[in-house]
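As structure tokens, the structure follows; a few thoughts come after it.
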Amino acid sequence: MLDLRFVRENAEAVKAGLSRRGVSLDLTEFLALDAKRRAVQQEIETLRRKRNEVSEEIGRLKKSGQPAEDKVAEMRAVGDTITALENSTREAEEAQRNILLTIPNLPHVSVPDGKDENDNVEIRRWSPQGEEPPKFAFEPKPHWDLAEYLDIIDFDRAAKITGARFALYKGMGARLERALISFMLDLHTMEHGYLEVLPPFMVNKTSMTATGQLPKFEEELFKVENGTYFLIPTAEVPVTNIHRDEILAEESLPVLYAAYTPCFRREAGSYGKDTRGLIRQHQFNKVELVKFSKPEDSYDELEKLTANAEEVLKRLGLPYRVIVLCTGDMGFSSAKTYDIEVWLPAQNKYREISSCSNFEDFQARRGNIRYKAKGGKKTELVHTLNGSGLAVGRTVVAILENYQQSDGTVIIPEALRPYMGGADRIVRRDGKS
RNA sequence: GGAGAGAUGGCCGAGCGGUUUAAGGCGGCGGUCUUGAAAACCGUUGAGCGAAAGCUCCGGGGGUUCGAAUCCCUCUCUCUCCGCCA
């Protein structure tokens, strides 16, 4: 959410910033509403002041046994006026907040202008051999064929159990998923300084609103039927909300959390996209990194966060590139986003495996997350950041495709072997390969 | 699921219709003392809006009243006991 006062005083700058995103916003009604609301607020406060003073006087009169009937009657009328004005202003307040909640964040100056994903800008590439991904001596198979041959993921039975876009992991497949979660969490907690948390997988409406999923994107969420909770679409939601309505001490910043959670997404509007395989699922696992930082440090923290996520791919020896999303492709709450894309040889392209964003104070304002400088007088909003470190299912995809052998078996990256009971290769359970 | 008790500033905790403009303690900050620290003592210290005057905030929402932290209704959460349960 943008600052109400900032919008009022910088309406043109706000419109200009949003137009970079391809969003055109008419603020005339909003500003008129705001002016009227503030005028009424002034009136209410003047009346309240009068009521406070006279009520105090009534108290004194009654105590000393003097009559106060006329003043009581007068204040009864004032009270009625206040109630009427409050009712009219409440509506205006709500209308204003509802508008503010649907305005996306302003892009940072360093974000390139652009319309859609075609205008994103590549920043760097990495591969075990330098920059370019290695060439295969044979035609690399898609991960779903490999998974079926190795009998480690069963999409048909998952469809029977639940429906489309779900997966049943088996044997070394299930173990690989679990190994990756442990590997990622160990790296981030033991080497990158994050604190591991395991949050609830369902959250309330207030939490969803603070991080920006609500009120605008409810159609992306699963809502539980017997209550008011939503399944989390990312750990960003529960973890960022850890400090909702709190004032953090300056010396505790930055606060760094790493969390494994499953994520649940409706994927409305993506019919026909990535229908085969693990790429786009209604339920997937993710290790998420979340930071709370001082405003002046947040862009340095974004670079570090992105590097922390990249380190997972480096340790696993998976080729990737980093791109910066253009203004038109960024998420609603973000001021700047880097996507990390991993190389998938069977698709012959890079696919998103992590998204690292600085939200500046956009989420902090919605969630009222502040900090106070040591000895300082004012509280200030923190900046929030997060990034995948990494999406686990897509990491499985990348390992299967990049480490596949011509016989259909898959080499296990060395860094992962301690988590796989020492195994160095995924083979069929019947021994055939 | 049943019965009861609660929710007050960073934390603990008093207040239960009108000097609460929220006591007191802890913690924080500043100072005196000290070679330094501790202890002791003194001072200071909640949040939001507003240019200011001032207004608002005692879990959320609603009500009673001239006036609500205080009374009523309702919701949420916490705790204790009982029952059930992985």
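Residue numbers start from 1 in every chain, and the chains themselves are labelled A, B, ... in the order their sequence lines are given, proteins ahead of strands.
A salt bridge does not link A:Asp80 with A:Arg76: none of the charged nitrogens is closer than 4.0 Å to a carboxylate oxygen. Using a cutoff of 4.0 Å between basic side-chain nitrogens and carboxylate oxygens, A:Arg5 and A:Glu9 are scored as salt-bridged. A salt bridge links A:Lys50 to A:Glu74: at least one charged side-chain nitrogen sits closer than 4.0 Å to a carboxylate oxygen. In summary, A:Asp151 and A:Arg428 do not engage in a salt bridge, as defined by a charged side-chain N under 4.0 Å from a carboxylate O. Remark: A:Lys205 does not engage A:Glu218 in a salt bridge, criterion side-chain N to carboxylate O under 4.0 Å. A salt bridge links A:Glu311 to A:Arg315: at least one charged side-chain nitrogen sits closer than 4.0 Å to a carboxylate oxygen. Ion pairing of A:Lys294 with A:Glu250 is present here, as a side-chain N (NZ or NE/NH1/NH2) and a carboxylate O approach within less than 4.0 Å.
Pair assignment for B:A7: B:U76, on the basis of Watson-Crick or G-U wobble contacts that are both within less than 3.5 Å. Partner assigned to B:C66 is B:G18, using Watson-Crick or G-U wobble distances below 3.5 angstrom. B:U32 and B:A40 make up a base pair, with Watson-Crick or G-U wobble contacts both under 3.5 Å. Across all strands shown, the partner of B:G27 is B:U45, judged by Watson-Crick or G-U wobble contacts whose two distances both fall under 3.5 Å.
When rounded to the nearest whole Å, the span between CD of A:Gln41 and P of B:A51 equals 13 Å. Rounded to whole angstrom, the span from the CG atom of A:Asp245 across to the C1' atom of B:U76 amounts to 14 Å. Rounded to an integer number of Å, the gap from CD of A:Glu86 to P of B:C55 is 14 Å. Atom pair A:Glu251:CD and B:G10:C1' shows a separation of 11 Å (rounding to whole Å applied). Nucleotide B:A52 holds its C1' atom 11 Å from the CZ atom of A:Arg49, rounded to whole Å. Following rounding to the nearest Å, A:Arg5 (CZ) and B:G48 (P) show an atom-to-atom distance of 13 Å. Between the CD atom of A:Glu43 and the C1' atom of B:C49 there is a distance of 17 Å, rounded to whole Å. B:A47 atom C1' lies 14 Å from atom CD of A:Glu246, rounded to whole Å.
Taking the six-membered ring where tryptophan is involved, the planes of A:His192 and A:Tyr194 are perpendicular, since the angle between them exceeds 60° and thus also 30°. Ring geometry for A:His282 versus A:Phe166: interplanar angle of 30 to 60°, hence tilted.
When each of A:Tyr229 and A:Arg370 is assigned the nucleotide of RNA chain B with its nearest heavy atom, A:Arg370 is the one assigned upstream, toward the 5' end. Of the residues near RNA chain B, A:Asp3 and A:Lys50, the one whose nearest nucleotide (by heavy atom distance) lies more toward the 5' end is A:Asp3.
Taking atom C1' in both B:G17 and B:A22, the straight-line distance is 16 Å, to the nearest Å. Between the P atoms of B:G46 and B:G10, the separation comes to 10 Å (whole Å). With C1' as the reference atom, B:U20 and B:C57 are 14 Å apart, rounded to whole Å. B:A23 sits 14 Å from B:A14 when the P atoms are compared, rounded to a whole Å. Only the P atoms considered, B:U21 is 14 Å distant from B:U70, to the nearest whole Å. Nucleotides B:C26 and B:C16 have their C1' atoms positioned 25 Å apart, rounded to a whole Å. A distance of about 30 Å separates the C1' atoms of B:U76 and B:G24, rounded to the whole Å. Nucleotides B:G13 and B:U8, compared at atom C1', are 9 Å apart to the nearest Å.
Remark: A:Lys372 is in phosphate contact with B:A47, judged by side-chain N or O atoms under 4.0 Å from OP1 or OP2. Taking side-chain N and O atoms only, A:Thr379 has a distance below 4.0 Å to OP1 or OP2 of B:G48. A close approach under 4.0 Å does not occur between any side-chain nitrogen or oxygen of A:Arg37 and OP1 or OP2 of B:C49.
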Sugar-phosphate or base contact per nucleotide [nucleotides 56-70 of chain B; S, B, -; heavy atom under 4.0 Å]: S-----S---BS---
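Using a 4.0 Å heavy-atom criterion, one finds that A:Gln42 contacts the bases of the nucleic acid, with or without backbone contacts as well.
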